[in-house]
J.: 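Please see the structure below; I have some questions.
The shown structure was predicted, so the numbers you read here are calculated from the model rather than taken from an experiment. Throughout, protein chains are lettered first and strands after them, A, B, ... in sequence-line order, and every chain is numbered starting at 1.
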Number of protein chains: 4
Amino acid sequence: MQQSKRSRDRQNELIEAALSVIGRAGSLDVSVSQIAGQAGVSSALAHHYFGSKEDLLFATQRHLLTLFRQDVVARLAAAPTPRARLSAIVEASFSPLQFNAGTVAAWTIFYLRAQSSRANSRLLQVYVARLRANLVHELRSLISETKIEAAAESIGAMIDGLYLRQGLRKGAADREAAIRITEHLIDTLVRS
Amino acid sequence: MQQSKRSRDRQNELIEAALSVIGRAGSLDVSVSQIAGQAGVSSALAHHYFGSKEDLLFATQRHLLTLFRQDVVARLAAAPTPRARLSAIVEASFSPLQFNAGTVAAWTIFYLRAQSSRANSRLLQVYVARLRANLVHELRSLISETKIEAAAESIGAMIDGLYLRQGLRKGAADREAAIRITEHLIDTLVRS
Amino acid sequence: MQQSKRSRDRQNELIEAALSVIGRAGSLDVSVSQIAGQAGVSSALAHHYFGSKEDLLFATQRHLLTLFRQDVVARLAAAPTPRARLSAIVEASFSPLQFNAGTVAAWTIFYLRAQSSRANSRLLQVYVARLRANLVHELRSLISETKIEAAAESIGAMIDGLYLRQGLRKGAADREAAIRITEHLIDTLVRS
Amino acid sequence: MQQSKRSRDRQNELIEAALSVIGRAGSLDVSVSQIAGQAGVSSALAHHYFGSKEDLLFATQRHLLTLFRQDVVARLAAAPTPRARLSAIVEASFSPLQFNAGTVAAWTIFYLRAQSSRANSRLLQVYVARLRANLVHELRSLISETKIEAAAESIGAMIDGLYLRQGLRKGAADREAAIRITEHLIDTLVRS
DNA sequence: AATGAATGAGCCTTCATTCAT
DNA sequence: AATGAATGAAGGCTCATTCAT
């Protein structure tokens with residue numbers, strides 16, 4: 001164990017603080033001091049642990065992706081059929097843990113950062129690729145081979161689009177509506 | 001003519017410079033100086049015309065929306081049938097003018113800003129509402145009344161999602177793929 | 001007549017605007033634009049007429065001094081005895097025209113500016129000298145020669161001190177109290 | 001010890017630098033950079049310690065008042081009689097520490113700032129109130145009750161007026177003259 | 001490990017001033 | 001005469017980052 005437990009805890013606290021602050025601000029205009037303050041430590045400590053703001057945000061993004069991934073995996077394991085597993089992915093995507101103002105803002109920011117940061121872009125591409133792989137795998141037994149790629153891309157884009165639009169609502173996220181729309185898309189893709 | 005031609009030109013130059021700088025940076029971290037520099041004027045002039053950075057960016061967003069709107073209107077006028085008009089909207093959305101790295105970054109940023117700026121949010125909501133109204137209008141003769149709302153929302157979200165994902169690609173935007181996917185969505189919605 | 005009437009009017013408007021803005025702000029942190037705006041003209045015009053902010057403020061100070069001077073002269077002419085003329089000076093000093101928040105602030109500022117501006121200092125010294133000359137002249141028939149200088153200086157300082165302290169009050173100036181104190185000082189000086 | 005010695009030293013250095021720069025400039029047009037530069041530190045450090053220019057100047061004013069207060073208290077303790085204590089106050093007021101170009105400029109500025117800053121005004125009022133309380137206390141055994149208030153106000157205003165006029169001199173302050181005039185005022189008030 | 005001290009760089013903004021019209 | 005356009009300079013302030021403790 002290279003890192004002490006204390007060390008790992010602090011890092012996690014900082015990452016969660018970053019997520020929290022970004023979510024609340026709804027923008028990338030968050031300072032290291034704000035994040036550190038939220039975590040109850042000095043900004044110098046954040047640099048001690050992460051080296052730079054860039055790296056802290058990168059770790060935060062990875063954390064976000066990991067959380068999502070874990071939820072997806074757990075739900076997939078519990079679903080009995082391919083169609084149910086597609087629904088599991090949809091439900092993970094719009095679970096209250098992910099589909100709320102703060103997290104949606106964080107996701108949008110990370111999509112944005114991907115345009116100017118190589119590392120960030122690669123990370124996001126891994127997520128997209130994994131999601132697509134999951135979709136493709138489940139679609140394989142439901143629609144013809146030639147249509148799979150487009151269908152997977154289509155579902156993924158729809159989820160992202162619903163995320164983006166969620167940011168526009170004043171109140172809480174409308175999970176049901178998002179799920180209904182996505183499920184309906186899947187249904188039409190599968191039936192066609 | 002309240003404003004001189006010179007004045008309007010300068011303002012447009014600044015807005016286009018803002019768009020250009022934001023697009024190139026792929027982020028909101030653009031300074032007024034950068035924008036002014038790109039327009040070949042002093043940063044003080046940007047304040048002279050727009051009052052604040054906030055207002056300059058707001059005007060830029062409005063410009064973006066106006067450009068898109070004009071393109072949509074022109075294409076709608078040229079399309080003979082409801083289905084063709086739906087395609088016109090899709091084509092406007094993914095026209096090279098809109099669907100390129102820079103503009104996509106700008107759109108994403110404006111979606112993000114909408115979460116922390118009232119004015120910005122309202123502006124974007126107007127755009128979303130208009131787009132939906134167009135879609136609803138054309139869908140009216142194609143699918144049953146009860147399905148229209150969801151279908152419009154679905155198409156709108158899909159377009160936004162494809163924009164978001166476009167930012168992840170390294171190379172140029174794949175317009176054909178985006179159009180194909182959206183058209184396919186419309187087809188399945190209409191046929192179902 | 002070198003200057004047109006229009007020209008002189010504009011200059012007076014600017015000077016009065018300066019006085020008004022300085023008074024309202026209670027500080028020297030007033031911009032040429034604010035002053036010009038108050039006068040209803042462009043800041044460029046203020047420069048056209050006065051050359052520089054410095055010169056505008058200088059002219060404003062001179063205006064203030066002239067107003068006071070004129071009031072003093074008028075009141076002196078109307079007073080029959082030396083003692084009455086001393087009271088006339090006191091009354092001019094604490095007339096509502098001079099002894100109000102705005103004008104007091106302007107005076108204080110000009111005393112301050114005198115420390116860093118030669119021209120300003122000379123102007124203020126002329127005012128002080130004139131006031132002293134007036135006091136000395138009237139005191140001559142009231143107290144012994146050897147005490148005159150100190151008495152004049154004393155009265156002048158008292159007036160200035162009451163001005164300075166006026167700035168601390170929240171409400172309107174207490175003219176009566178200021179006059180009472182100064183008159184009492186004169187009385188004791190004369191009787192002693 | 002909440003604050004480190006280093007920290008307190010730096011803050012004091014900055015305050016003294018502020019006093020020095022204000023005194024030399026004879027105006028409020030001093031930048032944080034100038035003050036910080038005079039103290040040999042970066043302007044960012046001034047903000048680190050004081051938060052804002054406003055707060056630094058406020059602390060500087062408080063420092064000025066405290067210095068004066070301490071001097072007054074020390075001199076009062078050493079004076080045996082009420083009349084001697086009045087003289088002690090006068091001497092403290094015109095001690096070389098206070099009655100010099102720089103400090104006089106600072107006082108004038110703070111009187112001016114009191115007109116636009118609540119906090120500043122309150123601070124100055126406390127000083128005025130304390131000075132008056134001291135004067136009243138010593139006057140109690142020297143003149144009749146009904147005259148005390150006016151006498152105290154009178155002495156205070158005289159001191160302030162002499163300060164203001166000091167700013168007009170080119171050379172050094174004439175302490176003797178100022179003391180002579182104030183003492184004479186006290187004498188006449190007491191005798192009358 | 002943890003922090004306060006310290007800073008250089010940069011940002012937004014204001015402003016006095018000039019100039020073309 | 002009068003103004004809007006335009007700018008260079010400066011100012012207050014923030015921030016990521018480093019360093020000594």
Side-chain angles (χ1 to χ4, degrees), chain A residues 3-4 6-7 9-11 29-36 39-57, chain B residues 2-7 9-11 29-36 39-57, chain C residues 3-4 6-7 9-11 29-36 39-57, chain D residues 2-7 9-11 29-36 39-57:
Chain A
Q3 285 182 119
S4 73
R6 171 73 159 269
S7 168
D9 282 356
R10 277 274 188 268
Q11 294 187 35
D29 279 339
V30 293
S31 67
V32 173
S33 294
Q34 279 173 56
I35 294 173
V41 298
S42 75
S43 71
L45 193 62
H47 280 90
H48 177 63
Y49 279 125
F50 291 95
S52 74
K53 180 185 189 179
E54 187 71 17
D55 291 343
L56 168 53
L57 290 181
Chain B
Q2 210 129 353
Q3 281 184 123
S4 74
K5 186 177 177 304
R6 172 75 157 271
S7 167
D9 282 355
R10 277 278 185 267
Q11 293 185 38
D29 280 336
V30 293
S31 67
V32 172
S33 294
Q34 279 172 51
I35 295 173
V41 299
S42 73
S43 71
L45 193 62
H47 283 94
H48 176 59
Y49 280 125
F50 292 95
S52 72
K53 181 186 187 179
E54 185 74 16
D55 290 343
L56 168 53
L57 291 181
Chain C
Q3 284 181 121
S4 74
R6 170 74 159 269
S7 168
D9 282 355
R10 276 275 189 268
Q11 293 186 38
D29 279 339
V30 294
S31 67
V32 173
S33 294
Q34 279 173 55
I35 295 173
V41 298
S42 74
S43 71
L45 194 62
H47 281 90
H48 177 63
Y49 280 125
F50 291 94
S52 73
K53 180 185 188 179
E54 187 71 16
D55 291 343
L56 168 53
L57 290 181
Chain D
Q2 210 128 354
Q3 279 184 122
S4 74
K5 186 177 180 303
R6 171 76 158 269
S7 166
D9 283 355
R10 277 277 185 268
Q11 292 185 38
D29 280 338
V30 293
S31 66
V32 173
S33 293
Q34 280 172 54
I35 295 173
V41 299
S42 73
S43 72
L45 193 62
H47 282 95
H48 176 59
Y49 279 125
F50 293 95
S52 73
K53 181 186 187 180
E54 186 75 17
D55 290 344
L56 168 54
L57 290 181

J.: Would you tell me if any nitrogen or oxygen in the side chain of C:R10 comes within less than 4.0 Å of OP1 or OP2 on F:dA2?
T.: yes
J.: Between D:D29 (CG) and F:dG11 (P), how many Å, whole number?
T.: 9 Å
J.: Give C:S52 one of three labels, base, sugar-phosphate or nothing, depending on what nucleic acid heavy atoms sit under 4.0 Å from its own.
T.: sugar-phosphate
J.: Heavy atoms under 4.0 Å, any strand shown: does D:F50 hit a base, just sugar-phosphate, or nothing?
T.: nothing
J.: Within this structure, what is the NE2-to-C1' distance between B:H47 and F:dG4, rounded to whole angstrom?
T.: 18 Å
J.: Please name the nucleotide paired to E:dT3 by Watson-Crick or G-U wobble geometry with both distances under 3.5 Å, or report none.
T.: F:dA20
J.: For a quick test of reading the model: is some side-chain N or O of D:H48 closer than 4.0 Å to OP1 or OP2 of E:dA6?
T.: no
J.: Looking only at heavy atoms, what is the nearest atom pair of A:D55 and A:F50, with distance?
T.: CB-O, 3.0 Å
J.: Closest nucleotide of DNA chain F for B:S42 versus for C:Y49: which of these residues is on the 5' side?
T.: C:Y49
J.: Just verifying a value: how many Å separate D:I35 CD1 and D:S31 OG, rounded to the nearest 0.5 Å?
T.: 7.0 Å
J.: Below the 4.0 Å mark, does F:dT17 have OP1 or OP2 next to a side-chain nitrogen or oxygen of A:S43?
T.: no
J.: Just checking A:S31: base, sugar-phosphate only, or nothing, at a heavy-atom cut-off of under 4.0 Å?
T.: sugar-phosphate
J.: Distance check needed: E:dC19 C1' versus C:L45 CG, whole Å only.
T.: 15 Å
J.: Between A:V41 and B:S33, which is nearer to the 5' end of DNA chain E once each is assigned its nearest nucleotide?
T.: A:V41
J.: In whole Å, what is the span from the CD1 atom of C:I35 to the P atom of E:dT17?
T.: 11 Å
J.: Please confirm whether the backbone N or O of D:V30 pairs with a side-chain atom of D:K53, one donor and one acceptor, at under 3.5 Å?
T.: yes
J.: For E:dA9, give the paired nucleotide (Watson-Crick: N1-N3 plus N6-O4 or O6-N4; G-U: N1-O2 and O6-N3; both under 3.5 Å), or none.
T.: F:dT14
J.: How close do B:Q34 and B:D29 get, heavy atom to heavy atom, and via which atoms?
T.: NE2-O, 4.2 Å
J.: Is any side-chain heavy atom of B:D9 closer than 4.5 Å to one of B:R6?
T.: no
J.: Using a cut-off of less than 4.0 Å, is there contact between a side-chain N or O of B:R6 and OP1 or OP2 of F:dA6?
T.: yes
J.: Please report the distance, rounded to the nearest Å, between CD in B:E54 and C1' in E:dT13.
T.: 14 Å
J.: For D:Q34, answer base if it contacts any base atom (sugar-phosphate contacts may also be present), sugar-phosphate if it contacts only those atoms, and nothing otherwise; contact means non-hydrogen atoms under 4.0 Å.
T.: sugar-phosphate
J.: Of the candidate nucleotides E:dA5, E:dT13, F:dG12, which contains the atom at the shortest distance from the side chain of B:K53?
T.: E:dT13
